[in-house]
Colleague: 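Sharing a structure here in structure tokens format.
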Amino acid sequence: MPRTDNNTSHVLAADPGLAPVNTLPGVGPVLEAALERIGITRVQDLWFHLPLRYEDRTRLTPISELRIGESAQVEGTIEAVERGFRFRPQLRVVISDDTRTMLTLRFFSFRRAQVDQLTPGARLRCYGRIRHGAHGPEIVHPQYQRLSGEGSGIEETLTPVYPVTEGLGQKRIAGLITHALRKLPADATLELIPENLRIHLRLLSLREALLLVHRPPAGADVASLVLGIHPAQQRLAFEELLTHHLSLRRLRAQVREHAAPRLRGSGKLRKAMLKSLPFALTAAQRRVSVEIEKDLSLAEPMLRLVQGDVGSGKTIVAAAAALAAIESGFQVALMAPTELLAEQHLRNLRDWLVPLGIEPVWLAGKVQGKARSNALAALAGDAQLVIGTHALMQQAVEFRNLGLVIIDEQHRFGVHQRLALREKGRDGITMPHQLVLTATPIPRTLAMTAYADLDVSVIDELPPGRTPVTTVALASSRRGEVIDRIRVACAEGRQVYWVCTLIEESEQLEAQAAEVAHAELSSLLEGLAIGLVHGRLKPREKQVVMDDFRAGRISLLVATTVIEVGVDVPNASLMVIENSERLGLAQLHQLRGRVGRGSQASTCVLLYQPPLSAMARERLTAMRDTSDGFVIAEKDLELRGPGELLGTRQTGRLEFRIADLARDAAMLGDVQRIGAAMLDQHPLACERLVARWIGGAARFAGA
Ligand code: ADP
Ligand code: MG
């Protein structure tokens with residue numbers, strides 16, 4: 001049996017990938033710090049900083065042929081410039097080309113120098129996503145350049161778009177990657193998947209794959225690159241999925257080596273809580289609770305994922321698990337991905353547990369000063385339960401005897417963040433049990449890869465008495481009717497969500513869209529209490545708005561997709577989602593789960609901008625036809641197969657750089673087989689794969 005691992009140490013020493021980034025030209029302390037923020041510290045981190053997607057600037061599209069929803073590069077002459085103040089300052093620039101059709105460029109924030117440059121008669125080349133404007137096609141905040149003279153050439157190759165961070169733009173990172181790629185060694189040093197396996201799987205060489213993905217040559221297969229199915233991308237996706245799988249398997253094995261406290265408890269508190277509820281648990285809730293109790297009673301750490309559709313009642317199951325630990329004299333930490341959600345848990349659990357003499361401790365980022373030191377003292381002392389956000393994972397937080405960690409809405413946390421909290425309970429010998437809750441229904445095959453470190457329980461039943469949500473899809477031209485409907489609903493004392501969506505990666509633009517909608521709805525629905533919540537608000541401001549909405553002081557809540565996860569306001573029974581055609585099925589389903597939580601009949605209106613693509617039409621139809629999260633998940637997978645870029649990667653669900661569980665599902669069998677062989681025969685190569693693909697990101701996630 002060839003043991004390549006034994007002689008890799010000299011190779012390691014010579015590995016140019018391990019050199020720190022500051023060995024590259026032009027990388028000083030400031031840039032180094034910016035790079036570190038996105039997990040890039042070594043040269044190889046740049047090799048594996050892969051494009052999120054590509055922009056195709058290899059051709060110019062005539063304005064008359066622009067298609068709504070697609071990104072395109074256009075050249076034209078400025079016909080008119082208009083500065084306006086409709087709800088907020090804006091700049092409209094109208095251009096036209098030989099086809100004599102008009103395209104509007106719209107800016108919501110702009111500088112003086114920009115305005116001076118954009119004068120009628122000037123020629124522009126611009127790039128952006130085409131949307132449906134009031135006067136034909138438009139692009140909001142296009143990238144553009146002013147053309148001087150005739151025919152400066154357009155790009156010959158696809159333009160990669162990289163993940164960036166503040167102080168580190170596309171140009172800069174692309175330049176650094178070019179430098180880093182010059183240090184890419186020959187394949188023998190680079191490859192970590194043993195050659196026999198590589199040949200067996202017909203994988204492209206890693207060097208070839210990296211060069212192609214970063215710098216697609218002229219003539220490369222543009223269509224497959226854009227779809228993410230080019231052999232070079234598939235080669236990298238395979239390695240990434242393999243690495244992910246290996247790291248989860250390893251994690252699980254490591255965790256299983258620890259002892260955990262047996263949390264049997266007397267059952268007294270649990271009985272008392274369940275008796276105090278106005279409802280009985282569903283059969284599914286009872287079954288999952290039994291599975292959890294069994295795990296908790298064992299002397300090895302539980303690693304269990306509870307999947308349950310939105311509204312299936314995961315919180316009470318988590319509370320029962322918490323009580324089992326508390327009855328046994330151990331502490332419990334409950335962590336949620338946003339402050340909004342964590343506070344909601346705090347409220348729920350207070351209602352249930354304070355009557356039993358248990359006062360939850362609150363610890364989120366905004367808990368500062370004296371309140372914070374009190375909370376920390378309580379955790380080191382006799383606190384039984386703490387609820388909070390990732391602030392719970394900070395260095396200074398120490399527990400007396402953490403026995404159980406509960407993490408809600410897992411997909412917002414990376415696996416390594418979970419690990420960080422688990423570490424908190426270590427006294428060197430025992431490790432706390434871990435329970436993860438998620439509303440994202442994942443088909444079995446995917447779960448085996450995505451959650452290879454967890455056992456899975458499913459709450460596959462909704463509490464009785466829910467009235468299903470009626471879903472309708474309406475073209476945006478019928479917005480007026482929808483607004484009338486809101487007026488009527490609010491007059492009847494019902495509450496309404498209005499959700500604004502933008503799939504551009506900018507939270508700022510999304511917030512702007514919500515502000516515009518808020519201003520517009522406020523003028524159309526005079527006299528109605530209308531709130532606004534988006535990701536750019538301070539947690540405090542968000543909190544005030546959400547409290548007002550929950551208390552019924554606000555009738556209509558205009559929001560971005562920040563409300564996607566977990567918010568529970570049973571009186572809200574109408575939801576309008578603008579530009580719903582832009583969202584994936586999973587996200588639409590999550591959003592819709594915010595209504596239909598009370599006893600009133602609820603409605604979800606999916607507004608869309610026609611014309612719909614075939615894919616978007618199928619998504620909206622699926623939403624109309626079913627409210628079963630698992631059916632939707634299967635449909636999602638089917639639709640997203642090769643052909644749709646709206647993968648998990650873009651929505652930030654699972655932290656892959658290039659792989660997409662839906663698109664690449666066919667690889668998962670090989671991933672599991674090869675993974676087992678490598679763990680067994682090439683443990684050191686496994687370590688290096690993990691360092692290569694996850695090392696930097698793990699530090700980043702834990703920061
Ligand atoms: P999710 O699984 O989406 O987190 P929650 O735990 O927030 O769902 O529960 C949704 C709502 O259903 C809450 O108001 C909760 O009190 C209620 N609920 C939970 N279990 C039941 C049940 N068995 N019968 C009736 N209502 C329930
Ligand atoms: Mg929940």
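In listed order, ligands and their atoms are each counted from 1. Atom set for the values below is all heavy atoms of this structure, side chains included, hydrogens, waters and symmetry mates excluded.
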Colleague: Can you tell which part of A280 has a heavy atom less than 4.0 Å from ligand 1: side chain, backbone, both or neither?
Modeller: backbone
Colleague: Tell me whether K542 is salt-bridged to D547, with the criterion being a basic N under 4.0 Å from an acidic carboxylate O.
Modeller: no
Colleague: Using a strict 4.0 Å cut-off to heavy atoms of T315, name the atoms of ligand 1 that fall inside it.
Modeller: 4 (O), 5 (P), 6 (O), 7 (O)
Colleague: Would R592 and T471 count as having a side-chain donor-acceptor pair, cut-off 3.5 Å?
Modeller: yes
Colleague: Of all the atoms in ligand 1, which lie at a distance below 4.0 Å from a heavy atom belonging to T282?
Modeller: 23 (N)
Colleague: Taking atom types as modelled, is there a side-chain donor on T501 or R582 under 3.5 Å from an acceptor on the other?
Modeller: no
Colleague: With heavy-atom distances below 4.0 Å as the criterion, list the atoms of ligand 1 near G313.
Modeller: 1 (P), 2 (O), 5 (P), 6 (O), 8 (O), 9 (O), 19 (C)
Colleague: I'd like to know if R270 pairs up with E327 as an ion pair, taking the criterion as any Lys NZ or Arg NE/NH1/NH2 lying under 4.0 Å from an Asp or Glu carboxylate oxygen.
Modeller: yes
Colleague: Measuring from the heavy atoms of G311, does anything fall under 4.0 Å of ligand 1?
Modeller: yes
Colleague: N/O to N/O below 3.5 Å, does that happen between K314 and ligand 1?
Modeller: yes
Colleague: Geometry only, no angles: is P463 polar-contacting ligand 1 at N/O separations under 3.5 Å?
Modeller: no
Colleague: How long is the gap from CD on Q285 to NZ on K314, to the nearest 0.5 Å?
Modeller: 10.0 Å
Colleague: Using 4.0 Å as the upper bound for N to carboxylate O, is an ion pair formed by K366 and E343?
Modeller: yes
Colleague: Answer yes if the side chains of R264 and S328 hold a donor-acceptor pair under 3.5 Å, and no otherwise.
Modeller: no
Colleague: By number and element, which atoms of ligand 1 are closer than 4.0 Å to a non-hydrogen atom of R597?
Modeller: 3 (O), 7 (O), 10 (C)
Colleague: Which atoms of ligand 1 have any heavy atom of L281 under 4.0 Å away?
Modeller: 23 (N)
